Amino acid sequence: MSRLILHIDLDAFYAAVEQRDHPEWRGRPVVVGAEPGQRGVVATCSYEARRFGVHSTMPIAQAVRRLPPETVYVRPSMARYAKVSQQVMGVLETVSPVVERVSIDEAYLDVSGLTSLVGPPAVIGAQVKERIRHAVGLTASVGIGPNRLIAKLASDAQKPDGLTVVPPEQIGGFLAPMPFTVLRGIGVKTAPRLERLGVKTIGDVRQLPLETLRHHLGARTGTQVYQQARGLADDRIDPDRPRRSISREMTFPEDVSDPRMLEKTLRWAAQEVGSIARQTQHLGRVVTLKIRFHPFETHTRSRTLEVPTADDVALFGAAWSLFAAEPWSGRPVRLIGLGISGWSATDGGVQRDLFETAAPEPCPEHDRLAATLDAIRNRFGADDIQRGLNRRSPGSGSARRRSRYSHRT
DNA sequence: TCTGGGGTCCTAGGACCC
DNA sequence: TCTGGGGTCCTAGGACCC
């Protein structure tokens with residue numbers, strides 16, 4: 001028996017939340033992302049903006065040139081979107097216990113067992129959409145099929161507010177006319193390799209022998225593309241996929257050469273990463289420094305620690321020593337950031353026992369750091385930075401954190 | 001036209017060990 | 001004085017996804 005997998009995708013999510021919360025913006029192009037005149041890209045835009053050819057990841061300068069004067073530009077408010085996302089995920093869990101959240105606006109559900117209780121797939125899909133609309137006032141596109149690939153492509157097939165069911169016997173006809181670039185793992189680098197073979201659609205891909213695909217795409221991707229072209233893909237939904245890493249990075253409004261500014265930013269990133277790691281009870285051994293120079297030249301340096309940590313100071317220290325060990329000083333920096341990974345002795349990705357022994361130090365730099373970031377807050381990432389600072393403001397975050405750990409000392 | 005941020009997974013070379 | 005094969009860890013980079 002084949003499974004029944006449902007994919008749900010909230011339509012133009014960030015922009016839809018903004019239009020929901022600002023009725024005067026409804027019917028107008030809304031761009032969520034960088035501000036005009038600044039460095040950055042479109043994160044999401046409303047369907048009114050898409051009509052002008054604007055889309056996610058488009059440089060903001062390019063979007064401005066295409067869009068009319070009545071366009072609304074707004075910076076993302078991730079905290080708000082995360083809250084709405086949580087509500088939606090809660091709704092999904094009322095439909096099926098097997099929900100895998102794949103991003104802030106997407107999830108997969110295994111609804112195999114629901115047909116006898118609820119009805120045919122289309123009824124299940126309609127119910128999901130209606131419950132979301134009722135709970136948060138947003139539309140979603142839903143796709144249903146026998147595996148993740150088909151469900152995902154089905155939800156993409158009709159947008160916004162779509163509902164598409166692809167039964168097993170219709171997979172061949174559903175896939176054949178689609179451009180092969182919709183398959184998983186085909187991006188800007190691998191697409192040209194297939195194009196050179198004269199391939200345009202998934203139907204074309206099906207004409208190629210497995211060996212040809214493996215030769216041109218590599219063994220792994222080649223095999224995967226071969227199977228996907230035949231509608232074969234993973235049908236497992238895992239509600240508890242553990243997180244593998246935590247990271248924070250920042251692109252500066254203008255390139256930065258001042259090492260003190262780089263240090264401060266790295267301290268901020270370390271506090272953010274440390275805070276999330278402690279909240280989610282993760283101790284990591286691998287600290288990674290990420291840095292990007294003009295023109296978009298990106299490097300990473302990582303170090304494996306003797307002792308797993310979630311301590312701000314330890315994270316910063318490791319990253320800063322990685323930075324100091326390189327002959328980079330003086331080069332203007334576009335982006336700097338830090339990440340942690342390599343959980344050890346995991347308990348389903350969470351380390352309760354180990355975590356008990358970790359007593360993170362409050363960062364002594366906090367006040368100066370807060371002042372600096374406040375000064376640049378209006379230029380970029382305002383919401384994210386603000387959230388970070390709120391968490392540590394006197395009387396809230398830091399006080400709570402101290403009291404949480406002091407009784408163990 | 002200039003390219004955000006937070007992730008996952010894969011590859012490949014070298015070290016090290018048996 | 002020459003030198004196999006395999007496994008695992010570490011590190012850097014890259015492709016891709018949302």
Side-chain angles (χ1 to χ4, degrees), chain A residues 7-10 12-14 31-35 37-44 53-66 75-76 78 81-82 85 100-108 148-149 152 155-156 181-193 217-225 234 238 241-253 255 269 272-273 276 285-306 322 325-326 334-342 344 379-385 387-388:
Chain A
H7 180 256
I8 178 255
D9 187 340
L10 295 164
F13 181 49
Y14 301 173
V31 173
V32 182
E35 266 168 46
Q38 286 184 13
R39 202 172 239 185
V41 298
V42 174
T44 317
V54 174
H55 55 81
S56 298
T57 74
M58 176 182 277
I60 193 73
Q62 206 175 324
V64 170
R65 255 175 271 124
R66 290 168 178 255
R75 296 211 47 94
M78 295 310 299
Y81 309 152
S85 176
E100 182 181 323
R101 179 187 197 271
V102 289
S103 76
I104 196 165
D105 64 348
E106 272 184 56
Y108 288 97
R148 299 167 71 108
L149 174 74
K152 164 83 174 158
S155 75
D156 280 340
T181 49
V182 303
L183 297 177
R184 319 268 73 194
I186 305 285
V188 287
K189 298 289 178 179
T190 46
R193 298 194 207 167
L217 303 181
R220 197 155 196 123
T221 307
T223 304
Q224 212 191 312
V225 166
D234 195 357
D238 182 0
R241 266 167 62 107
R243 131 135 82 176
R244 311 305 291 264
S245 65
I246 302 166
S247 66
R248 270 305 210 159
E249 65 188 46
M250 178 173 287
T251 296
F252 297 110
D255 294 354
E272 288 282 313
V273 168
I276 295 166
R285 289 181 65 223
V286 180
V287 178
T288 302
L289 167 76
K290 179 172 172 182
I291 194 159
R292 176 173 290 152
F293 303 105
H294 180 80
F296 227 68
E297 174 193 325
T298 308
H299 298 277
T300 60
R301 292 291 181 272
S302 62
R303 163 167 302 171
T304 302
L305 306 175
E306 297 277 328
L322 286 165
E326 299 289 336
R334 180 189 177 93
L335 168 153
I336 196 165
L338 161 171
I340 187 172
S341 58
S344 53
R379 305 216 44 192
F380 55 98
D383 184 78
D384 287 7
I385 294 171
R387 263 196 307 141

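Naming: A, B, ... by sequence-line order, numbering from 1 per chain. Note that the structure is predicted; figures quoted are calculated from it, not measured.
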*For A:A191 and A:T181, work out which heavy atoms get closest and say how close.*
CB-CG2, 4.0 Å
*For A:T44, which residues count as a side-chain hydrogen bond (donor to acceptor under 3.5 Å, both in side chains) partner, sequence neighbours excluded?*
none
*Nearest whole angstrom, please: distance from the C1' of B:dT3 to the CG of A:D255.*
13 Å
*A:I104 side chain reached by A:Y14 side chain, heavy atoms, under 4.5 Å*: yes
*If you measure from the C1' atom in C:dT3 to the same atom in B:dC17, how many Å do you get, rounded?*
16 Å
*Separation of B:dT3 C1' from A:E297 CD (nearest whole Å)*: 15 Å
*Value in whole Å for how far the P atom of B:dT1 lies from CZ of A:R65*: 6 Å
*Stem regions touching DNA chain C, defined by at least 3 consecutive Watson-Crick or wobble G-U pairs below 3.5 angstrom*: B:5-18 with C:5-18
*Does the ring of A:F296 meet both stacking tests against the six-membered base ring of B:dC2: centre distance under 5.5 Å and plane angle under 30°?*
no
*How many Å lie between CZ on A:R334 and P on B:dC2, as a whole number?*
11 Å
*Which atoms form the tightest heavy-atom contact between A:K152 and A:D9, and what is the distance?*
NZ-OD2, 4.4 Å
*May I ask you to test the A:H299-A:E326 pair for a side-chain heavy-atom distance under 4.5 Å?*
no
*N or O in side chain of A:S245 less than 4.0 angstrom from B:dG7 OP1/OP2*: no
*If only atom types and distance count, is the side chain of A:R39 paired as donor or acceptor with the main-chain N or O of A:F252 below 3.5 Å?*
yes
*Heavy atoms only: give me the nearest A:Q38-A:I60 pair and the separation to one decimal.*
O-CG2, 3.3 Å
*At their closest point, which heavy atom of A:S302 faces which heavy atom of A:T288, and how far apart are they?*
CB-OG1, 3.5 Å
*For A:H294 and for A:S247, find the nucleotide of DNA chain B with the closest heavy atom, then tell me which residue's nucleotide is more 5'.*
A:H294
*Knowing that exactly one of A:E106, A:R148, A:E100 qualifies, which makes a side-chain hydrogen bond (donor to acceptor under 3.5 Å, both in side chains) with A:H7?*
A:E106
*Can you give one letter per nucleotide of nucleotides 8-18 of chain C, 5' to 3': B if a protein heavy atom sits under 4.0 Å from the base, S if only from the sugar-phosphate, - if neither?*
--SSSS-SSSS
*Between atom OH in A:Y81 and atom P in B:dG6, what is the gap in whole Å?*
15 Å
*Take the protein atom CD of A:Q38 and the nucleotide atom P of B:dG4, then report the distance between them rounded to whole Å.*
12 Å
*asked:* Using the side-chain heavy atoms of A:E249, tell me which of these nucleotides is nearest: B:dG6, B:dC2, B:dG7.
replied: B:dG6
_Chi-angle category of B:dC2 [syn within 90° of 0, anti beyond]_ = syn
*Round to the nearest Å and state the distance from A:I60 atom CD1 to B:dG4 atom C1'.*
11 Å
*Residue-phosphate contact under 4.0 Å: A:R248 side-chain N/O, B:dG6 OP1/OP2*: yes
*asked:* Under 4.0 Å, heavy atoms only, any strand: does A:R292 hit a base, just the sugar-phosphate, or nothing?
replied: sugar-phosphate
*Without swapping roles, check the side chain of A:S56 against the backbone of A:A43 for a donor-acceptor pair under 3.5 Å.*
yes
_Same-atom distance (C1') from C:dC16 to B:dG4, integer angstrom_ = 16 Å
_Gap between atoms CE and P, on A:M250 and B:dG6 respectively (whole Å)_ = 9 Å
*asked:* Need to verify one output field. Residue with the more 5' nearest nucleotide on DNA chain B, A:T221 or A:L335?
replied: A:L335
